[in-house]
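Before any comments, here is the structure.
Naming convention: chains lettered A, B, ... in sequence-line order (proteins, then strands); numbering from 1 in each chain.
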Amino acid sequence: MLVRLGYVAMSVHLQNASPSQTMTFAQFKRTEDRNAALRKLERISLSNLENCLRLLKHNKAYDISFFRLSSKLIPLANHEELLDWDYLPPLKQSLGVIGDFVNKNQMRVDFHPDHFVILNSEDKDLLKASLKTLRMHYQLLKLMKQNPEHRCVLHVGGGYNDKEKALEQLIENFSVIPTSLQKMLLFENDDTTFTFDETLFVCEKLDVPVVFDYHHHLVHHTNESWTSNWERAVKTWRHSNLPMKMHISSQRDEKDIRAHADYIDTKQFLEFLNGINGSVDQIDCMIEAKKKDDALFRLMKDLKMESSVEIINGSSFYFKP
DNA sequence: CGAGGTCAAGGGGTC
DNA sequence: GACCCCTTGACCTCG
């Protein structure tokens with residue numbers, strides 16, 4: 001089984017390379033010259049894209065070909081008081097350069113918008129705002145010359161005191177959103193509301209690939225045995241051009257088991273790999289750890305000592321127990 | 001110049 | 001139903 005590791009949005013090794021610099025709406029309003037404020041937003045966005053490209057070059061240097069792009073590349077892009085701001089034209093060229101680099105080096109990039117993007121609400125305005133953000137992600141992928149299919153992970157949403165109804169609402173809302181956006185999406189089990197079982201159920205209904213978050217499962221589940229549903233999860237990926245992917249992270253401490261640790265618990269990761277061995281040819285594992293790429297490096301270093309691991313390069317290995 | 005406060009948002013939990 | 005907590009990195013203010 002081929003395993004490839006990736007990490008999220010920013011590096012702890014590359015200095016001054018944030019792809020998520022921002023301007024808050026409060027700051028924006030304080031600027032008297034609105035046009036000057038918009039130009040500043042464009043400068044910040046361009047700087048974020050430059051840093052994004054620097055990160056991808058850093059990844060290439062360390063054989064990392066799986067990466068989650070920041071969803072904060074364009075500050076205030078979806079703010080309702082900036083509807084007149086046509087933010088994409090000044091960014092087209094930079095986005096194209098990023099796309100060329102990604103394609104040339106055969107990298108897998110994707111998005112995970114923050115948890116305020118919610119598709120299962122009965123609130124029409126909230127749904128509308130969420131769709132606007134999703135459209136931005138779609139356009140960014142297009143301008144980065146990526147096929148948007150299965151590149152944007154979301155959670156199921158709120159429980160609203162009636163999870164069954166909340167799941168039905170997701171199915172209903174999903175049916176009325178544009179097909180292009182439907183195809184872009186993936187759903188992931190969360191750590192407080194919708195478990196792996198429930199998320200898998202809705203993914204099967206909607207024919208959307210499921211993203212299994214092992215840490216979320218450990219802290220919140222209806223059915224402890226994730227392995228009993230694993231084959232079904234694999235099946236949700238059958239129409240995808242991309243290898244199955246999942247999220248790995250470890251708990252910070254006993255006090256707050258939901259919080260993410262700096263690094264990955266290698267032993268626990270190996271237990272997981274043993275659990276899925278043989279079910280897929282390839283799996284991409286997104287590391288969600290505070291120490292970002294450093295957590296990836298440390299995990300690879302640990303894995304080198306394992307007899308079940310045959311290293312391919314800086315972020316990939318064969319797992320053969 | 002570093003520590004601590006603020007910014008954004010919706011959901012969850014508590015009383 | 002009022003309140004505060006969760007999450008995140010970046011940015012801002014204060015001493």
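- Rounded to whole Å, the distance from CD1 on A:Ile118 to P on B:dA8 is 18 Å.
- Shown for residues 129-137 of chain A: no residue has heavy atoms falling under 4.0 angstrom of DNA chain C.
- A:Asn161 places its CG atom 9 Å from the P atom of B:dG13, with the value rounded to the nearest Å.
- What separates CG of A:Leu170 from P of B:dG11 is a distance of 13 Å, to the nearest Å.
- The backbone N or O of A:Val109 sits less than 3.5 Å from a side-chain atom of A:Arg151, completing a donor-acceptor pair.
- Tested against A:Tyr7, the residues A:Tyr62, A:Tyr263, A:Phe297, A:Phe67 include a single ring pair (Phe, Tyr, Trp, His ring centres under 6.0 Å) partner, A:Phe67.
- Within the structure, a side-chain polar atom (N or O) of A:Lys292 is placed less than 4.0 Å from OP1 or OP2 of C:dG9.
- DNA chain B lies under 4.0 Å from no heavy atom of any residue of residues 10-21 of chain A.
- The residue A:Gly159 sits close only to the backbone: its heavy atoms come under 4.0 Å of sugar-phosphate atoms, none of a base.
- The aromatic rings of A:Phe212 and A:Tyr214 are tilted relative to each other, their planes meeting at an angle between 30° and 60°.
- Following rounding to the nearest Å, A:Tyr7 (OH) and C:dG9 (P) show an atom-to-atom distance of 14 Å.
- Taking the six-membered ring wherever Trp is involved, the centroid distance between the rings of A:His112 and A:His155 falls below 6.0 Å.
- In this structure, A:Phe196 and A:His217 have perpendicular ring planes: the angle between them is above 60°, well past the 30° mark.
- A side-chain donor-acceptor contact under 3.5 Å links A:Ser11 and A:Asp293.
- A:Phe201 and A:Trp226 end up in the same hydrophobic cluster when Ile, Leu, Val, Met, Phe, Trp and Tyr side chains are linked at under 4.5 Å.
- Separating the CG atom of A:Leu119 from the C1' atom of B:dG11 is a distance of 15 Å, rounded to the nearest angstrom.
- Contact check, A:Lys72 against B:dA8: no side-chain N or O comes under 4.0 Å of OP1 or OP2.
- Between the side chain of A:Lys163 and the main chain of A:Thr193, a donor-acceptor pair closer than 3.5 Å is present.
- Going from atom CZ of A:Phe194 over to atom P of B:dG11 covers 11 Å, rounded to whole Å.
- The distance between atom CG of A:Leu126 and atom P of B:dA8, rounded to the nearest whole Å, is 18 Å.
- Here the shortest heavy-atom pairing between A:Ala259 and A:His215 reads O-CE1, 3.9 Å.
- Checking C:dT7, C:dC11, B:dG12 against the side-chain heavy atoms of A:Gln27 singles out C:dC11 as nearest.
- Contact check of residues 29-55 of chain A against DNA chain B (heavy atom, cut-off under 4.0 Å) returns no residues at all.
- Residues A:Thr195 and A:His220 are in side-chain contact: their nearest non-hydrogen atoms beyond the backbone lie under 4.5 Å apart.
- Rounded to an integer number of Å, the gap from A:Glu81 CD to B:dA8 P is 11 Å.
- Taking every side-chain heavy atom of A:Thr24 into account, B:dC7 is the closest of C:dG9, B:dC7, B:dG10.
- A donor and an acceptor atom, one from each side chain of A:His150 and A:Ser240, are located under 3.5 Å apart.
- Residues A:Asn173 and A:Glu122 have side chains that never bring a donor and an acceptor to within less than 3.5 angstrom of each other.
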